[in-house]
Amino acid sequence: MRATCTGEPVRVSVCHCLECQKRSGSAFAVQARWPDAQVALAGEFRTWTQQGDSGAVARFRFCPTCGATLVYASQGMPGLTAVAVGAFADPGFPAPQYSVWEDRKHGWVTVSADGMEHFA
C-alpha cells in the first residue's frame with residue numbers, strides 16, 4: 001500500500017488520545033492532513049473503523065501484510081485525509097503545529113516546536 005500526497009499538508013499534529021496510543025503502539029501518533037483530493041492510494045489495503053475519544057468515528061486503512069496504519073479519515077475533520085508521518089520515512093518532514101489530547105499525554109513526554117499550539 002502506498003499514499004501519494006500532492007501539495008503541502010494543511011495540518012501536522014501530534015495526538016495523545018488513548019485510541020491513537022493503542023493504534024500506533026506508541027505514546028502518541030503524528031499525522032499530516034491533506035484535502036481528500038490530494039491523497040491517492042495505491043496497492044492493497046484493509047479498512048477498519050474506530051470511535052475516538054472525541055466521539056467521532058474514523059476509518060483507518062492499513063497494510064494487510066505488515067499491519068501498519070497508513071491513512072485515516074475522521075468525521076471530526078471531514079474532507080481531510082490523515083497520513084501517518086512515519087510512513088514518509090523523512091526526518092526533515094515539517095514539524096507539527098498542534099499537540100492535542102494533552103490531558104492523556106504520558107508525563108515523561110515533551111512535545112515542542114516553534115509556534116506549536118497545545119490543547120487539552
Side-chain angles (χ1 to χ4, degrees):
M1 173 178 190
R2 182 177 60 243
T4 302
C5 305
T6 56
E8 295 298 316
V10 297
R11 177 183 172 112
V12 181
S13 59
V14 175
C15 184
H16 303 276
C17 82
L18 299 178
E19 293 307 323
C20 278
Q21 290 180 34
K22 290 187 279 187
R23 175 184 54 81
S24 68
S26 184
F28 54 85
V30 184
Q31 54 279 324
R33 288 181 171 83
W34 280 266
D36 293 341
Q38 291 178 235
V39 179
L41 300 179
E44 185 180 357
F45 58 85
R46 300 285 187 268
T47 303
W48 65 281
T49 59
Q50 174 71 41
Q51 184 173 1
D53 286 346
S54 69
V57 174
R59 185 182 70 245
F60 297 88
R61 295 197 170 146
F62 66 96
C63 174
T65 302
C66 73
T69 300
L70 181 60
V71 301
Y72 70 91
S74 173
Q75 291 174 332
M77 292 191 157
L80 296 176
T81 297
V83 181
V85 168
F88 293 99
D90 177 4
F93 197 87
Q97 304 106 345
Y98 305 94
S99 179
V100 300
W101 289 99
E102 287 196 340
D103 58 341
R104 311 271 171 95
K105 180 172 66 71
H106 289 239
W108 50 265
V109 171
T110 301
V111 179
S112 65
D114 288 341
M116 179 179 277
E117 295 183 45
H118 300 268
F119 300 93

How many angstroms lie between atom CZ of R46 and atom SG of C63, to the nearest 0.5 angstrom?
9.0 Å
How far apart are the closest heavy atoms of M116 and S99, and which atoms are they?
SD-CB, 3.8 Å
Can you list every pair that meets salt bridge (charged side-chain N to carboxylate O under 4.0 Å, His left out) and has a residue in residues 93-107, with sequence neighbours left out?
D53-R104
Side-chain heavy atoms nearer than 4.5 Å, only ILVMFWY residues, links allowed to pass through others: does that put L80 and V83 together?
no
Are M77 and F60 in one and the same hydrophobic cluster, where Ile, Leu, Val, Met, Phe, Trp and Tyr link if side-chain heavy atoms are under 4.5 Å apart?
no
Within this structure, what is the OG-NE2 distance for the pair S26 and H106, rounded to the nearest 0.5 Å?
8.0 Å
If I take atom CD from residue Q31 and atom OG1 from residue T69, how far apart are they, to the nearest 0.5 angstrom?
11.0 Å
First locate atom OH of Y98, then atom CZ of F119, and finally report the distance between them rounded to the nearest 0.5 Å.
6.5 Å
Value rounded to 0.5 Å, distance of OH in Y72 from OG1 in T81:
10.5 Å
Shared ILVMFWY cluster between V12 and L70, side chains joined below 4.5 angstrom?
yes
With heavy-atom distances below 4.5 Å as the criterion, would you say the side chains of V30 and F93 are in contact?
no
Using side-chain heavy atoms (C-beta onward) and a distance below 4.5 Å, is V71 in contact with R61?
yes
What heavy-atom pair brings G43 and F45 nearest, and what distance separates the two atoms?
O-CD2, 3.6 Å
SG/C15 to CZ/F28 distance, rounded to the nearest 0.5 angstrom?
11.0 Å
Determine whether a donor-acceptor pair (N or O, by modelled atom type, separation under 3.5 Å) exists between the side chain of Q21 and the backbone of H16.
yes
How close do S74 and A56 get, counting heavy atoms only, and between which atoms?
OG-CB, 3.8 Å
With hydrophobic residues grouped by side-chain heavy-atom distances under 4.5 Å, do V109 and V85 end up in a single group?
yes
Would a single hydrophobic cluster contain both V14 and L18, if residues Ile, Leu, Val, Met, Phe, Trp and Tyr are joined by side-chain heavy-atom contacts under 4.5 Å?
no
Here the pair of heavy atoms bringing S54 nearest to W101 is N-CZ2, 3.6 Å
Listed once per pair and sorted, the salt bridge (charged side-chain N to carboxylate O under 4.0 Å, His left out) pairs that draw on residues 9-28, sequence neighbours left out
E19-K22
Mind running side chain to side chain contact (heavy atoms under 4.5 Å, CB included) on C5 and Q38 for me, showing each step along the way?
CA-CA 6 Å; C5 305; Q38 291 178 235; over 6 Å; no
